[in-house]
Structures are given as C-alpha cells and as structure tokens.
Amino acid sequence: MRRKVRTVRFLAQSYNRPPAPSGWALSFVPQSVPGRVVTAASATEIAPEDLGPIYRTMLLARSLDERCLAMQRQGRIGFYAPVMGQEAAQVAGAWALDPADWVFPAYRELGVALVRGVTLDELFDQFFGNSADRMKGRQMPNHYGYRDRNFVVGSSPIGTQIIQAVGAALAARRRKDPIVTIPFFGDGATSSNDFHAGLNFGGVFQAPTIFFCQNNGWAISLPRSRQTAAKTLADKGVAYGVPGVVVDGNDVHQVFRAVREARARALSGAGPTLIEVQVYRLGAHSTSDDPHRYRTDAEVAEWKKQDPIGRLKHELIEAGQWSEDQDAKLLEEVRAEISAAVTRTEAIGPADPLSFLDDVFATRTLQLDEQRHQLEEMLHSGLVKP
Amino acid sequence: MRRKVRTVRFLAQSYNRPPAPSGWALSFVPQSVPGRVVTAASATEIAPEDLGPIYRTMLLARSLDERCLAMQRQGRIGFYAPVMGQEAAQVAGAWALDPADWVFPAYRELGVALVRGVTLDELFDQFFGNSADRMKGRQMPNHYGYRDRNFVVGSSPIGTQIIQAVGAALAARRRKDPIVTIPFFGDGATSSNDFHAGLNFGGVFQAPTIFFCQNNGWAISLPRSRQTAAKTLADKGVAYGVPGVVVDGNDVHQVFRAVREARARALSGAGPTLIEVQVYRLGAHSTSDDPHRYRTDAEVAEWKKQDPIGRLKHELIEAGQWSEDQDAKLLEEVRAEISAAVTRTEAIGPADPLSFLDDVFATRTLQLDEQRHQLEEMLHSGLVKP
Amino acid sequence: MTEVTLVQAVNRALRTAMSADPEVLLLGEDIGVNGGVFRATEGLLKDFGADRVIDTPLSETGIVGAAVGMALYGLKPVAEIQFLDFIYPGFDQIVSELAKFRYRSGGQYPCHVVIRSPYGGGIKGGLYHSQSTEAYFAHTAGLKVVVPSTPADAYGLLLSSIFDPDPVIFLEPKRIYRTVTGEVPEGDQRVPIGRARTVREGTDVSVFAYGAMIPPATEACQAAEADGVSAELIDLRTLVPLDAGAVLASVEKTGRAVIVHEAARFCGYGAEIAAILAEKAFFSLKAPIHRVTGFDTPFPYALENLYLPNAARIRQAIVDTVRAG
Amino acid sequence: MTEVTLVQAVNRALRTAMSADPEVLLLGEDIGVNGGVFRATEGLLKDFGADRVIDTPLSETGIVGAAVGMALYGLKPVAEIQFLDFIYPGFDQIVSELAKFRYRSGGQYPCHVVIRSPYGGGIKGGLYHSQSTEAYFAHTAGLKVVVPSTPADAYGLLLSSIFDPDPVIFLEPKRIYRTVTGEVPEGDQRVPIGRARTVREGTDVSVFAYGAMIPPATEACQAAEADGVSAELIDLRTLVPLDAGAVLASVEKTGRAVIVHEAARFCGYGAEIAAILAEKAFFSLKAPIHRVTGFDTPFPYALENLYLPNAARIRQAIVDTVRAG
Ligand SMILES: Cc1ncc(C[n+]2csc(CCOP(=O)(O)OP(=O)(O)O)c2C)c(N)n1
Ligand SMILES: Cc1ncc(C[n+]2csc(CCOP(=O)(O)OP(=O)(O)O)c2C)c(N)n1
Ligand SMILES: [Mg+2]
Ligand SMILES: [Mg+2]
C-alpha cells in the first residue's frame, strides 16, 4: 500500500537519505521542550547535533498522543486528535524554520508546536481549558496558538489558515521582515476554497509562503484517491504557477531540506512553494473516529513499517550514536515529564465563569456588559452553575 | 499583444485551420434564429453547410450588441454586457453540442443563446423585463434561461454555474441520459471557489462535463496575467486530473473540434475536459465600465485584427462562397429583424406588479399571501406605483 | 411503531425516502462507508449503493453546488453538512443559488434540495462544533427551515422536506440525537411543514422554543407549576414558514410570551417572534416579551453550560414574565 | 469643509487614513487602476502605490482571508467587496475567522480589518446588485456593523472603523452615493462608533432607519406634519454596537415606534429593534410596533420601486401607528 514517493519539478536533486553523519553525539536539551538549536540559516541539511533533539521531540509527541488518548478515554479531556505517524514531517519541517517565521497550524500540529517551544504545561492547560489556558478555555483541545511563539491559533474549519498565511506573508514583506509564513494543512484541505485562494494569491503576489501539505492518506474516511483526481497534491501547484515538490514525510532529512530550500526561495523573492509531505495517519482521525470502519488493518500495518520514529531511531543506532537501552530510558524520562505536567495543570482551577463574555471585542460593548451582569446574577442566584 | 496560442496535453492533433471546404453554398435559415443544423454527432469538423448559419448567428450577435449598447445609452434598457469578440467561440462551441446537452451560461453568452434557439423576442422581453419575459422581470438584462432549450438561467455571482453543471452531469449520468453539461465562464471565474469545487468534483466523479473557459484577457480591469500565475488556464486541469486544452477562440473550426472531442470523451465515460478558449473582449465589460481606464487602444486594435467575424467572412469569401455585397445585404436583413423584435417587445406592457411576490416558493406561504395583500392595498391607495 | 432515537429516526426517514423514490440520493463528507460522523447515514451505502450515497471531497461549495445542479436536472438530493459550523464555505451556493433559482427563473427551475446538518451546543464542541445560526437561513427568502425536536418529528418532517418542492435547511439538534427517544411510524408518514406543535397547554404565558431547547423548556414549564404558573409550550418546528397563526393564537390567550433559543440573542430568530407579537398581538400583551437565549459571544468551550439556556433560566423567565404584568 | 458626495467622502476618508498611517492598505477587485467600480478608490493607486492599493484576483475568499492574515500580522487592511451581494464566497472567512480570532485566541490575535461594501437597492441592479443583508453580520458576534447615510458620517465613521481595533463591516448605501451631498471635515476627524444620530426630534412617534432609507424617512416625517404628527427620526448609523440607549430613550418619550429598512422583513435587523422595545420599553409603548421593510422575496429587477420602502409607505405607517393607540 506504500504510495510511491517521487520528486517532481523545481527541486532538482533527489531526496535520498544523506550519508550517516559521523563524529557527533546525541545531545538532548534537558527541559521537556527541546528548544530550537540554531543552525546556519542557509544549511539545507540537518546539523548532526540537531538529530538528537529532533528525535526526542518526536518521541515526546508520540508519548503525548498515548497519554492524551488515555486521558480522553478516562473522561479527563474532552477530545484529542493524534499526530502519530506525522512526527518526522512536523518536527523536521518546523526545525527548518526560523523562530521569527509565522506558523499557521491546523489542529494536528503537535510536533510543530513542540518545536516552537510550546510547553507541556501550556498544552495541558489548553486541553483542560483551565484558568491558565492562553485561549481562556474557549476552544476544543488541539486548537491553540501562542503569539509570542509566532504560532497562530488554529480553528476547526478546514483550510482557512492557508490564505491567511499568504496575507500575513504579504504583510511581513511590506514591513521588510525577512520571514516566511507556513500554513500546515492536510490532503483534505486541498479541496477547500481557502487552498484555492491561498495558492492563487500566493502565486500572483509571489508571497514568501511555504505551503506545507501533510498528505496523510485520509481525510477522516475519505482516501486521498477520492479527494482529487490529481496525480499528486504537489501537482496542484501547476494551477497557480507555484512549484510543487513531493517528499517522503517519514524521512526527517527530506522534509528539512525541502523546507529549507522553499524558505530560501521565498526569501529571495522567487515566490511560494507547495510541499506535499507524504505521511500516514497511523491513529484515528480523532477520539470521535473509528478508522476500522473505512480502512484495513493491513494497510495500517504496512505503513507502520515506515514509522518515522522507528526509522530515525534505526538511523541513529546504525550510526552508533544510540541504543535500545538509551531509548527506553529516554521514553521513561519523557513520560515522567508528561506526568508531571498533567499533575501540575490538572490541579489548576477552571476558567473564570464570567470570562467567556470577554474578547468578543477589544472592550465589552454596553450590551455585553449588561449580559455579563445578568450572568453574574444568575450565578449568584444559582440559576446557572459553572 | 497577441498571446501565443498553443495546444497542451490530451488533444494530440494541432488546431490548424482545415482546408477550405468546397462544393457547398451558404444556406441561411430564414428566421432570426438559425435553428441548429444537425451534423453527425461524431463529426469533429463543422459540416460545410453549417458555416453559413454559424456566420449568420455570429453577425446577429454582433448586431445585437450594437443595438443594445445604443438602447442602453438611450435609457431604453438598463444594462448590457456585450459579447463582441467572443462570437466565434460561443457560436461554434454551442454548435458542437447536442440540443439535449445542458448549457450553464454566465451573463455574456449571447452567441450560445442564439444557437440554442433563444429568439430575439425572448431576449428583448428579458432586457425590458416586460410581462412576456420568462424570468418575469426579476433579473438584470443578460441574465436569462429557458428550460425548454436546456439553457439554464444564469446569475451574477461569478463561477457558481461551474459546480452546478457537474452536479447536473452526475444526475444525467444517473438517469442514463447520453448528454453532457457545459458551463461557460471567463478567465476571472477560474479564481472562484466554484471553479475549484467544480473541476475537483468533475475529476473525482469523472463527470460528463465540458468546462468551457473563455479567456477574454480581462476580468473587468484585471488582466489575465494578474488573475493567476499559471502559465495557461488549461494548465489548471492538472490540479484536478482533468485534461486541459487551449484553442484559438477566434477560429470556429478549432473551437468546434475541441468541444466535439471533449463531448465524445465525456460520453465515453472518460471524464471532463477543460477547454481554454482564447479570445478577447473587444468591448467594455458592460455598460457600467470604461475600459480606457485600464487598457490601451493599441492592445484593442491589435486584437481587432483577429476579429472572429472578419476572419470567418474572409474564409468564406476566399472559398468563393460569399461576397462583400452579400455581406452588406445580410447585415441589413439582420438589423431589420432586430428592429422588428424591438418594436414588438417594447410595446408589451410591464410585468404584473404583484408578480414579484411569486416563485419564492412553489406556492405562496401565508406570510407571502399577506404581503401580497398589503401590496395590493398599497397599489390601490396609491402609496406605491409600479 | 418502534422506539428509536432522534438520529435513528433521521436514518429511517432517509431509508424510507430512498426506498420510495429512486431519484432521492445523498451526498456529503464521510456519509458512505463511515455512515456519517453521527451515524445518521449508517447502512445506507450498503443498501443503496455508491451511486446514491456519495462520499464527496472536502468542499461544502462542492456539496451544495453539486446538489443544486442535480436538483436542476430533476433529482432530489439530500446533502449532509457535517456540522452546521462548516456550512459557510457553501453559503454562497445556498443564498445566491439554491434560494433564488426558482425566483430568478420565473419558476422554471425549482431547486428540490434538502440540506441536513447537525447543529447546536451541549456536546463540548467549542466554537466550531456548536453553532446555531438558523437566523441566517430564516432571513434568506426562498429557503424553508425545519428543526425537529422528537424522533417522530425528525422522521415525519424529514420526509416532508425531502418531498417538498422547495429547498429546505433541515437542522438536527445533535445534543439530543441520542438522549431523546420515541416512536416513529413505518413508511411514508409525513409531518406537514408549516405547523407548530403544542407540547403542553397553559393559560398564563406562552413559551416558544425549538430543537434541543424543548427538553429544558418542558422541564421549566412543569417546574413553573410549583410557582402557580400555567405555561403553554409551543415547539415551532418549522422556522420558515413560521406558523404565525399558532404563535398569535397562543399569546392572544395567555397575554405573555417567553422565547427560547440557544443561538446568540442579537438578531436571532427570537427577535422575529417578538417583533411579530409586538406588531400583531400588541393589545393582547400584558407583560414585556422575554427572550432566553445564548449570549452575544461566539460559542465557548469550557463554559458551554453557562452559555446554553437551561431549565432554571427558562423557569425564572416564565415566572418573571407572569409577575411583570 | 467642502461639499462632497457620499462616495467622495469615502474616498477622502481612505486617503486621510492612508496618509496618517502607513499600515493602512486597501485590497479588492478593480480598486486600483480602475479606481473601483463606483470610483470609491479613485486616485489612490497613483498616490499610494500598488503596494497599498492591491488589485486582487476574483476571489472574495482570498480578499477576506488575505486581509485577515495581514491584520494578524499587524497591518490595517481595508477590503472592498465590489457589491455586498458578492460577499458570500468570503462568508466563511468572515464569520468563522474574522469574527472569532480575538475570541478564540483569548485576546492574542485582534483582527483589525474593515470590509467596505456598497449595498442596497434602487439602482436597477436586480437580485445580485441590490441586497441588504446586514442582519447576517449583525447576528454574528465579533463583528461591528456600520452604515452611514451622509457624507459626514461616511467620512467620520469610516475613519473610526479603520482605526477601530475590531473588525468592522462598513456598508455603503450605493443608491445615495451621489445623490446626497454634504460637508466633510479635513483630517482625522472621527464620528464615534456606537452612537445613533437624531435626524429630527418629535414627540408622537419614533422612526428608526439607516442608510438609504434616511432620505425617504426624512421626507415621510416632514409630510406627517401635515397629518398633525410629530415624528422623531433616529439614524441608527452603527447597527453593532447598537445605541440601545438612544432607541429606548426615544420610545420612552414618544411611546410609539416605526422601524424602516429595505432588507427583507423576516428576521431582518428591524426585528431586533422591535424585540428590544417589546422587552425594555414595553410599558412605554402605546401602539403596535410597525416595520416598513422590503418584502420577503429575493430582490426583484423591473419592480424594485415596489419592493423598496418609500416616503409614502413610511408616512402611512407613521400615521397608522399614531392612530392605533
Ligand atoms: C470546512 C470543514 N468541513 C468539514 C469539516 C469536518 N472535518 C474535520 S477534519 C476533516 C478531514 C480533514 O482532512 P485533512 O485535511 O486531510 O486533515 P487530517 O485530519 O487528515 O490531518 C473533516 C472533513 C471541517 N472541519 N471543516
Ligand atoms: C463573486 C463575484 N465577485 C465579483 C463580481 C463582480 N464582477 C462581475 S463580472 C467580474 C469579472 C468577471 O471576469 P471573467 O470571469 O473573466 O468574465 P468576463 O466578464 O470577462 O466575461 C466581476 C469581478 C461578481 N459578479 N461575482
Ligand atoms: Mg489527511
Ligand atoms: Mg474575462
């Protein structure tokens, strides 16, 4: 079932795995969030010393999936959309960015968030919708954003961030900020109005944007083959004069290189790039989904062989820089960090009951003031309970 | 300024002008509407005896433009969007269809309407919005449709008919009706959400649809080059797995052949085709537009050399089947027909003042009955005047 | 007659309509092999085939636009929009095309389309899985808007909608998809569009509600008995066309009105009911008209139970209204 | 001070804002070299450059979505939608994104966007060049909705909108673009959002209107004097936030209300005014609340003068209301 991964147009060199790096050792940054290790902005290969942190971040994302799925079953969080299978794509893709670049995520971009320095506590604050949540408990789990990390807050409607990212890129260019914007979206999102508008505006205005399409094979129950009759999703760039590339999203090197090249191209003024990152959604669409209804175990098993985490681990072990023992220890460490964050954040109280009447506008209108007052009275008299 | 016309993908043979037909004479059907002459459904060349009626229909469309623009200036009709420059594309494109095929027009498809047998009286009834108007005076001029001619009633929002045509094609296929649907739209419409959805659904479901895109160089003041960075509009088919072709829309033969081949392809179950018909809007966008604000006279003059009517006339004269004298006489005849239709239809009274409360639903709701009653009283007491 | 949930009643109505008429077909996201994310179309692909239960690409523009095209040709498509919150990419096709085709063509092109969509809050769906924007559609001339609150109405009204010659926006209160059960008939037994349902009779105040607000409104009316108040509860059921006769008759009797909906208040559907009463039942009215609604904010996540009207708030409004005059 | 038309006032306000703040920029269809199909952006491309007066491809999704992205980054985009009738392809970006960004992000991402659009009937535009669907936007929490009716208000309110930290839907009554003239100040002189304007004072009945309905409403009020009726006319000007204080104060004084808008009646903006009055001014009301509006049909072409409220209809409603109680 493995789709053939091929390179189209624009990027001449092929994305084969680079020779195993030598003379470096895995170095993990100690806190839960790996903190971006700066590499020369022009480098198109992952710096050897970054592979460790990248691997750790991927493992952290995977472990978060496990924990959150369990917590959702226990009724401790309301919803969760796992990233499993897309860790290499997201972590390597985000790793190739500059912290000043603007990320426009969908709802499955946990790996990206971790690279941007979103902390475990911040994530769980959001999942619980507690009083520390930067989103003030207004969004479902997985829908978060942090302005200071240039990680825009996502929404549920599919695709809307794509054209927004183009707008932001034009704004950045107008301000002469040397950054790119990068919307993350799925194969399903290529059918959205906003993809069409985003790619078209991107092409016409030569926006410094990287369209990062994670083709994970499925849009809930719809397979990629029924989403569009295009040969590849990268091919869609042709419709907009935007170069398209296909990369194997289970290979951190390919993804990193593609983003770096697209970034350089965007900053040089040569316009946007559409990157189709071929991955597979190993888990369910979300905790509301039962993938057994629409796909076979055999297909999943086939893709599990490409598991990006196993693949990078293998590469590291092959290179003599890593061992199963160390891996087990790392996993334990990561899980402990998660547990600690859960304990801390679950103890934080719920959002202020009156808070949901804020932020409709910059300042509350008289009408909202009045409604807030009514709510206060209803809380007071016990008509409603938080 | 002439854009290079080239053939891309799918249709292997090039669209050169065929050898001049011999052994035929121009035969004009006598009434104002030429009445479709049936040619073998499989033929990909225009039947020699059809060239006369095609030419006459083109001339009729051009003369209608002249008349309507004048009438708009005189305040006799409220609005008009001329077809000038697109007569060959529309008349030959429509000529290649079967009367059972469903046409989904925009607002500039006068040439198509004439081929479908829409009469001059029907057109002017609509332009005047009089009591004989099939649209019951509810739409601006140029927005008409006739169910019995399989010519769906158009609307102003750009592009909406494209995905609708795909839905209708799927419905026809479900009923096993051997027909195609054909939305007509402009270069600007390729940026619409409905183009994106239409091409995508068309490709995924292999709908028997012909996407007939008239690239007339402009979307009001926006040149084609700023509408999209795609090399050609036909290229956009790549994004949807839909073959695209580019044809010279000033050449009736190329257009006819492209539609015939796309039609055969669609009916064979092989799916839709996107045809980019390269033409030029010789007139203003509409009577509300002043093209001098955004384009040069030189560009227009350059394109006038390609005038599709002049070109076909030249072909006919070259073939010894036509003369300037005959042409002058034909023009006179056509103008007289138009005058007669105007005289007849302008004398018809206005729409029934109460009629605008009908057709919101199949039957008037109580609420609309009540509003109708109120309107009746207001008319009676003179509060409002038709 | 069998006892089913509201979502099962929807499923049964679809099945009945498809069995009765081969020109009825379904299209939408994840409705085929997956049976719909709420299972409203469960089993239909198997029984009616991929030709009639069509899984579409992720495009509401496409779903609505294709449905319009199918209807123009003569079929009776029933489109599912996965959540009402995701209908907006198809909004242009709905308000510009679906609603206006019959009108603009002088009656030549009816648009026999049903758009079904789960809507409303109470399932911890946050901003984008909770909205009640029925007012957008109710304000759009040319659309009928139907909202059932019981399995029997879901069944009978959906059948009426599918065989109605006009476009119908059929909003399914997903919060009570599985919490409300009831009997539904077999076969093509329809509930007419355009008639309100009196849930309970009363003499002191009229309560108007619909959808998922019916259970708390019922509870509130019962509870108000303890306050010595006799409340009449009307389930509007079809928002367009509104059963204005039933609304006016009730208020002419009771002299007081409480209007309940979960949508934001400002320019919500309840405003129209209030406006009609203030115009046509003015001299019957003894007290200010009270609206119990969602707040004028986007729909929140963690605090949704504060946002949504509950029985206690409705009861208070009933009592306050009766005490006011 | 100079005498200008309403559309010239719009042009001037854009120029003033762009001169004052380099982060203000315009985007839309045909706004650059063509100066806008109504000439609202005439001359601005020449003076501010293609970087700040951006002709876009034909996509309202793109225009609104790009404007949202620009605003997230910190600019102050002013988007033009060529006719309000064509805003719906951008509706998802408006209601799902623009209106909710600040809220969903807990205040992190304001969305400093103005969407300007000519709206309303009376120019023989038929179904698709005439609509007044302000109620859609007014019902959407998170959007401000502004409608000027004079050049001075167009100027001052547009400036306020451009420098307002929230998204504003700025609806320009195109029917009176050139028929109404008046003085506008020089420089950054703003009219505050959220305040109604008393066009004329009166004691017997309050007339609420906005946009292109102000001229016929003014005429009607004057004419009603001949019937011995003293009518107060309030131009609501900003539909969201509504100046509820002004509305209530007027009706508390007059005891009667007539509401005028050209949009369809059912669930139109007028319903909210009526509902607020029926709730909060109930005991001041002496007569039924009367709405003078468009009909519940799509907007017609040939018969648009029957569809649109005129001075005679408004005058009749004023007189009827005063006679009713
Ligand atoms: C406009 C819109 N329509 C429908 C949905 C319901 N929905 C949520 S996720 C999803 C599939 C998305 O697929 P894809 O873009 O491939 O992303 P993935 O979930 O695979 O990461 C759908 C249909 C939605 N969120 N938004
Ligand atoms: C959705 C929408 N946006 C804007 C408009 C205003 N408008 C009318 S025609 C037009 C240009 C259309 O260009 P094209 O598709 O190339 O058709 P042409 O007029 O050249 O035949 C525009 C922008 C519209 N009608 N619909
Ligand atoms: Mg996917
Ligand atoms: Mg064009």
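All values derive from a computational prediction rather than experimental measurement. In the text below, chain A, chain B and the rest are named by the order of the sequence lines, each starting its count at 1.
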* Structure fact -> Turns out that what part of C:Thr140 lies under 4.5 Å from chain D's heavy atoms comes down to both

* Between NE2 of D:His139 and CD of C:Glu134, what distance do you get to the nearest 0.5 Å? -> 6.0 Å

* **Interchain contact, C:Leu285 with chain D, by part (heavy-atom threshold 4.5 Å)** => both

* Asked: At their closest point, which heavy atom of C:Val240 faces which heavy atom of D:Phe266, and how far apart are they?
  -> CG2-CE2, 3.7 Å

* Asked: Is it the side chain or the backbone of C:Tyr103 that comes within 4.5 Å of chain D heavy atoms, both, or neither?
  -> side chain

* Asked: Would you say D:Lys124 has more than 12 foreign heavy atoms packed within less than 6.0 Å of its NZ?
  -> yes

* **Pairwise side-chain contact, C:Ile276 with D:Arg291, heavy-atom cut-off 4.5 Å (strictly under)** => yes

* Asked: At a heavy-atom separation under 4.5 Å, does C:Ala257 approach chain D through its side chain, its backbone, both, or neither?
  -> neither

* Side chain, backbone, both or neither: which part of C:Gln131 has a heavy atom under 4.5 Å from chain D? -> side chain

* Do D:Phe91 and C:Tyr136 have ring centres separated by under 6.0 Å? -> yes

* Asked: Is chain D contacted by the side chain of C:Phe283, its backbone, both, or neither, given a heavy-atom distance below 4.5 Å?
  -> side chain

* When D:Ser96, D:Pro288, D:Ala275 are compared by non-hydrogen pairs under 4.5 Å with chain C, the top option -> D:Pro288

* **C:Lys100/D:Tyr128 under side-chain contact (heavy atoms from CB on, under 4.5 Å): CA gap, chis, key distance, verdict** => CA-CA 10 Å; C:Lys100 297 181 175 52; D:Tyr128 299 108; 3.7 Å; yes

* To do: To the nearest 0.5 Å, tell me how far C:Asp92 CG sits from D:Phe86 CZ.
  => 9.5 Å

* Asked: Heavy-atom distance under 4.5 Å to chain C: side chain of D:Ala281, backbone, both or neither?
  -> neither

* Check each atom of D:Phe282 against the heavy atoms of chain C and say whether the ones under 4.5 Å are side chain, backbone, both or neither. => side chain

